[in-house]
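As the structure is a computational prediction, the values presented were derived from the model and not from experiment.
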Amino acid sequence: MKAWRYSEYGGVEVLKLESNVEVPEIKDDQVLIKVVAAALNPIDYKRRLGLFKATDAPLPTVPGFDAAGVVVKVGSKVKHLKEGDEVYGDIIEKAIDGPKQFGSLAEYTAVEEKLLALKPKNLDFVQAASIPLAIETAYEGLLTAGFSEGQSILVLGGAGGVGSIVIQLAKHVFGASKIAATSSTAKLELLKSLGADLAIDYTKENFEDLPEKFDLVYDAVGQCDRAVKAVKEGGRVVVIAGSVTPPGFWFILTSNGEFLKKLNPYLESGKVKPLLDPKGPFPFDKVNEAFAYLETNRAIGKVVIYPIP
């Protein structure tokens, strides 16, 4: 089968499209899925650059965390999924602690049943592929921070893959009293359309200078040293990028299909919507170009690869 792989750490140039990669064998608790669409995440290129090499799987690596596709084979201990099911998920349970050598940027991939959920009926494969890692990171980060109804939140990087979902979950799932978010000038209306009450243009004002402080700051961009100045006494700062300044705490996702199942109704009702970058989807033979674009940090929402042959 065809798959993208890299055999050394480095820039986009180490990625190679190979056409004779063996289809992975499934374990008892896994299913084999025919990947229809896959999404890229910053963790993919950070991993490829070798930032996690101390705990990484051996090379060569097929990158890719997010996948949407069709089950074509099931392991002997699989209880709920069957051949023909349309599924989606973040297929790597531990993001940086011994992640799978074989990710989603391939025609087929083997995935533990517990990491998957049935694809929301109203989403196509492109939309579904864009969701898992971002929505699980957003949801589990909010849970871990103890965010609850009636609290206020500031989202740094509100137009990004995770930030755009944090805004929507804070509003529709957690019942936030007030949602503020940062972006560049061109994306302010997008933030409001996602549910932000206050859209802050980071090119024109410093969010930490606002008189208003927040119960929680969700830092998706790596500005914790500033984020801690925007939080109320006793508040918290969730950090998913960059370094941590107390009372901020570092959050790394453990993939969990149960969260997807729990959030599917919000996706199927249209309350929570996927946000796709308008430059995409990128075809399978342009994965390197898609990564080069993602690494400019200018993407809106998620960069998706489709179709996968």
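Rounding to the nearest 0.5 angstrom, the gap separating the CG atom in Leu15 from the OH atom in Tyr45 is 13.5 Å. The structure places OG of Ser183 at 4.0 Å from CG of Leu188, a figure rounded to the nearest 0.5 Å. Distance check, rounded to the nearest 0.5 Å: CZ of Phe147 to CG of Asp215 gives 7.0 Å. The distance from atom CZ of Phe174 to atom CD1 of Ile153, rounded to the nearest 0.5 Å, is 8.5 Å. Rounding to the nearest 0.5 Å gives a distance of 12.0 Å between NE2 of His80 and CG of Leu116. Separation of atoms CG (Leu154) and CG (Leu198) is listed at 8.5 Å; rounding is to 0.5 Å.
The heavy-atom pair separating Ala138 from Leu169 by the smallest distance is CB-CD1, 3.8 Å. Val162 and Ala134 get closest at one heavy-atom pair: CG2-CA, 4.0 Å. Heavy-atom minimum distance, Lys187 versus Ala159: CD-CB, 3.6 Å. When all heavy atoms of Glu268 and Lys119 are compared, the closest pair comes out as OE2-O, 4.4 Å. Contact detail for Ala110 and Pro24: the closest heavy-atom pair is N-CG, 3.9 Å. Smallest separation of non-hydrogen atoms from Gly158 and Ala181: CA-CB, 4.2 Å.
When only modelled atom types and interatomic distance are considered, Tyr88 and Asp66 share no side-chain donor-acceptor pair under 3.5 Å. Judged purely by distance below 3.5 Å, without hydrogens or angles, the side chains of Asp225 and Thr245 never pair a donor atom with an acceptor atom. In this model, no donor atom of one side chain and acceptor atom of the other lie less than 3.5 Å apart for Tyr306 and Asp124. Side-chain atoms of Asp97 and Thr55 include no donor-acceptor pair closer than 3.5 Å. For the residue pair Tyr139/Lys262, the side-chain donor-acceptor check at 3.5 Å is satisfied. Looking at Lys121 and Asn264, their side chains never bring a donor and an acceptor atom within 3.5 Å of each other.
No continuous path of ILVMFWY side-chain contacts below 4.5 Å connects Val304 to Leu40, so the two sit in separate hydrophobic clusters. In terms of hydrophobic clustering, with Ile, Leu, Val, Met, Phe, Trp and Tyr side chains grouped at heavy-atom distances under 4.5 Å, Leu133 and Leu276 are assigned to different clusters. Under the 4.5 Å side-chain heavy-atom criterion for ILVMFWY residues, no single connected hydrophobic cluster contains both Val35 and Val70. By the rule that hydrophobic residues join a cluster once side-chain heavy atoms approach within less than 4.5 Å of another member, Val71 and Ile308 end up as members of one cluster. The hydrophobic cluster containing Phe125 does not contain Leu81, counting ILVMFWY residues as joined when their side-chain heavy atoms lie under 4.5 angstrom apart, directly or transitively.
Residue Lys46 places its NZ atom among more than 12 non-hydrogen atoms of other residues, nucleotides or ligands, all under 6.0 Å distant. Enclosure of atom NZ in Lys261 by more than 12 non-hydrogen atoms of other residues, nucleotides or ligands within 6.0 angstrom is indicated. Residue-environment remark: NZ (Lys73) stays at or below the threshold of 12 foreign heavy atoms within 6.0 Å.
A salt bridge between Lys229 and Glu208 is absent, with no side-chain N of the basic residue lying under 4.0 Å from a carboxylate O of the acidic one. Taking the charged nitrogens against the carboxylate oxygens, Arg47 and Asp44 have no contact shorter than 4.0 Å, which rules out a salt bridge. Of the charged side-chain nitrogens involved, none lies within less than 4.0 Å of a carboxylate oxygen, so that Asp29 and Lys77 do not count as a salt-bridged pair.
With sequence neighbours excluded, no residue forms a salt bridge (Lys or Arg N to Asp or Glu O under 4.0 Å) with Glu83. Considering only residues two or more places apart in sequence or on other chains, Lys79 meets the salt bridge (Lys or Arg N to Asp or Glu O under 4.0 Å) condition with none of them. For Ser177, there are no side-chain hydrogen bond (donor to acceptor under 3.5 Å, both in side chains) partners, not counting sequence neighbours.
Of the possible donor and acceptor atoms, none in the side chain of Thr254 sits under 3.5 Å from a partner among the backbone N and O of Lys94. The main-chain N or O of Ile43 is never found under 3.5 Å from a side-chain atom of Asn41 such that the two would form a donor-acceptor pair. The backbone N or O of Gly11 sits less than 3.5 Å from a side-chain atom of Arg48, completing a donor-acceptor pair. Without hydrogens or angle criteria, Gln30 side chain to Glu113 main chain gives no donor-acceptor distance under 3.5 Å. Between the side chain of Ser164 and the main chain of Gly161, a donor-acceptor pair closer than 3.5 Å is present. Side-chain atoms of Glu107 come within 3.5 Å of backbone atoms of Lys2 as a donor-acceptor pair (strictly under, hydrogens ignored). Between the Lys16 side chain and the Glu13 main chain, a donor and an acceptor come within less than 3.5 Å of each other. A donor-acceptor contact shorter than 3.5 Å links the side chain of Trp4 to the backbone of Phe284. A donor-acceptor contact shorter than 3.5 Å links the side chain of Asp219 to the backbone of Cys224. Although no hydrogens or angles enter the test, the distance criterion places no donor-acceptor pair under 3.5 Å between the side chain of Lys171 and the main chain of Gln168.
Cation-pi contact between Arg298 and Tyr293: absent, since separation from the ring centre below 6.0 Å together with deviation from the ring axis within 45° is not met.
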| query | Please walk me through it: do Val31 and Ile26 pass side chain to side chain contact (heavy atoms under 4.5 Å, CB included)? | reply | CA-CA 6 Å; Val31 299; Ile26 57 169; 5.9 Å; no

| task | Show your reasoning for whether side chain to side chain contact (heavy atoms under 4.5 Å, CB included) applies to Ile135 and Phe259. | result | CA-CA 9 Å; Ile135 204 168; Phe259 287 157; over 6 Å; no

| said: Show, in sequence, the C-alpha distance, side-chain angles and deciding distance for Lys82 and Asp85, and conclude whether the salt bridge (Lys or Arg N to Asp or Glu O under 4.0 Å) test is met. | reply: CA-CA 6 Å; Lys82 61 187 187 305; Asp85 280 346; 2.9 Å; yes

| request: Run the numbers on Lys178 and Asp197 for side chain to side chain contact (heavy atoms under 4.5 Å, CB included), then give the verdict. | output: CA-CA 6 Å; Lys178 181 162 188 180; Asp197 304 297; 3.9 Å; yes

| message | Please determine whether side chain to side chain contact (heavy atoms under 4.5 Å, CB included) holds for the pair Thr137 and Phe251, giving the CA-CA distance in whole Å, both sets of side-chain angles, and the decisive distance to 0.1 Å. | response | CA-CA 8 Å; Thr137 300; Phe251 172 72; 4.1 Å; yes

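Looking only at side-chain heavy atoms (C-beta outward), Val272 and Leu263 stay at 4.5 Å or farther from each other. Residues Lys204 and Thr185 meet the side-chain proximity criterion, which asks for heavy atoms closer than 4.5 Å.
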